[in-house]
Amino acid sequence: MGLKKKLNYTLAVEAPKILQNSSMLLARCMSLTDDVDPKVRVTRLLFNDFLKMYFRHYADIIVHDEKKIAKPGDVILIRKLRQPLSVEKHHEIVKVVYPLGDITDPLTGKKCVLGKYRSNVKLVDELYGRAPDAPEGFDYNKAPDRGWQQGRKDWSHKEGYQRWHDFEPGHPLHNDPAAT
């Protein structure tokens with residue numbers, strides 16, 4: 001009986017306990033659609049008094065994105081609002097810290113490619129030369145920003161769904177690229 005009373009450990013942790021009156025937090029943008037503000041995941045390590053260990057817990061919250069700068073997968077900085085906008089929206093996006101796919105070393109601030117700095121990759125290319133089948137290589141400085149093909153070939157801004165019905169030609173969902 002005493003052990004059960006001493007355990008008192010619940011697996012489900014509420015969002016207020018994870019957020020803990022923090023004014024600024026790092027979060028990862030999880031889902032986003034055109035007309036709805038993004039849902040982000042805030043991850044924290046919470047201490048368990050019985051096991052004397054930290055465990056990872058997360059809270060999914062909806063944040064206000066006035067400038068529409070967040071994309072799914074981005075690591076963003078969010079700030080608590082002085083007055084909540086609605087029952088669900090208590091935070092707003094300040095800036096995108098790390099965009100998805102554009103890896104930056106947090107200590108040096110240099111851009112990385114497959115675990116190597118881009119500047120080192122250029123030095124190796126100059127030293128050994130490029131492969132004969134790709135003499136021009138890929139120039140990261142000339143590459144367009146992520147999302148430049150949004151609405152044409154890039155459908156990551158839409159929520160994906162399973163297609164269960166084949167619509168006739170002419171229907172708006174006939175060739176919906178967000179469906180799998």
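Atom set for the values below is all heavy atoms of this structure, side chains included, hydrogens, waters and symmetry mates excluded.
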(request) Check the pair L81, H90 against side-chain contact (heavy atoms from CB on, under 4.5 Å), reporting the backbone distance first and the verdict last. (result) CA-CA 6 Å; L81 295 168; H90 295 268; 5.9 Å; no
State, yes or no, whether a side-chain contact exists between [X] and [Y] at a heavy-atom distance under 4.5 Å.
{"X": "D105", "Y": "Y117", "result": "yes"}
{"X": "I61", "Y": "V63", "result": "yes"}
{"X": "I76", "Y": "V40", "result": "yes"}

Rounded distance [0.5 Å steps], [atom1] in [X] versus [atom2] in [Y]:
{"X": "R44", "Y": "L46", "atom1": "CZ", "atom2": "CG", "value": "7.5 Å"}
{"X": "I93", "Y": "R79", "atom1": "CD1", "atom2": "CZ", "value": "11.5 Å"}
{"X": "L77", "Y": "L25", "atom1": "CG", "atom2": "CG", "value": "8.0 Å"}
{"X": "L26", "Y": "T43", "atom1": "CG", "atom2": "OG1", "value": "10.0 Å"}
{"X": "L45", "Y": "M53", "atom1": "CG", "atom2": "CE", "value": "10.5 Å"}

Looking only at atom types and distance, does a side-chain atom of [X] sit under 3.5 Å from a main-chain N or O of [Y], one as donor and one as acceptor?
{"X": "H91", "Y": "I78", "value": "no"}
{"X": "R28", "Y": "G73", "value": "yes"}
{"X": "D74", "Y": "V96", "value": "no"}
{"X": "K122", "Y": "S119", "value": "no"}

(message) Is the distance between the ring centroids of H57 and F55 under 6.0 Å?
(response) no
(message) So that I can tick it off, tell me whether D65 and K89 are bridged by a salt bridge, with the cut-off set at under 4.0 angstrom between side-chain N and carboxylate O.
(response)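 D65 and K89: not salt-bridged.
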(message) Can you tell whether the side chains of D60 and K39 come within less than 4.0 Å, N to carboxylate O?
(response)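 Result for this pair is no, no salt bridge flagged.
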(request) Give a yes or no on this: more than 12 heavy atoms of other residues, nucleotides or ligands lie within 6.0 Å of atom CZ of F47. (result) yes
(message) Regarding S23 and K80, do their side chains bring together a donor and an acceptor under 3.5 Å, going by distance alone?
(response) no
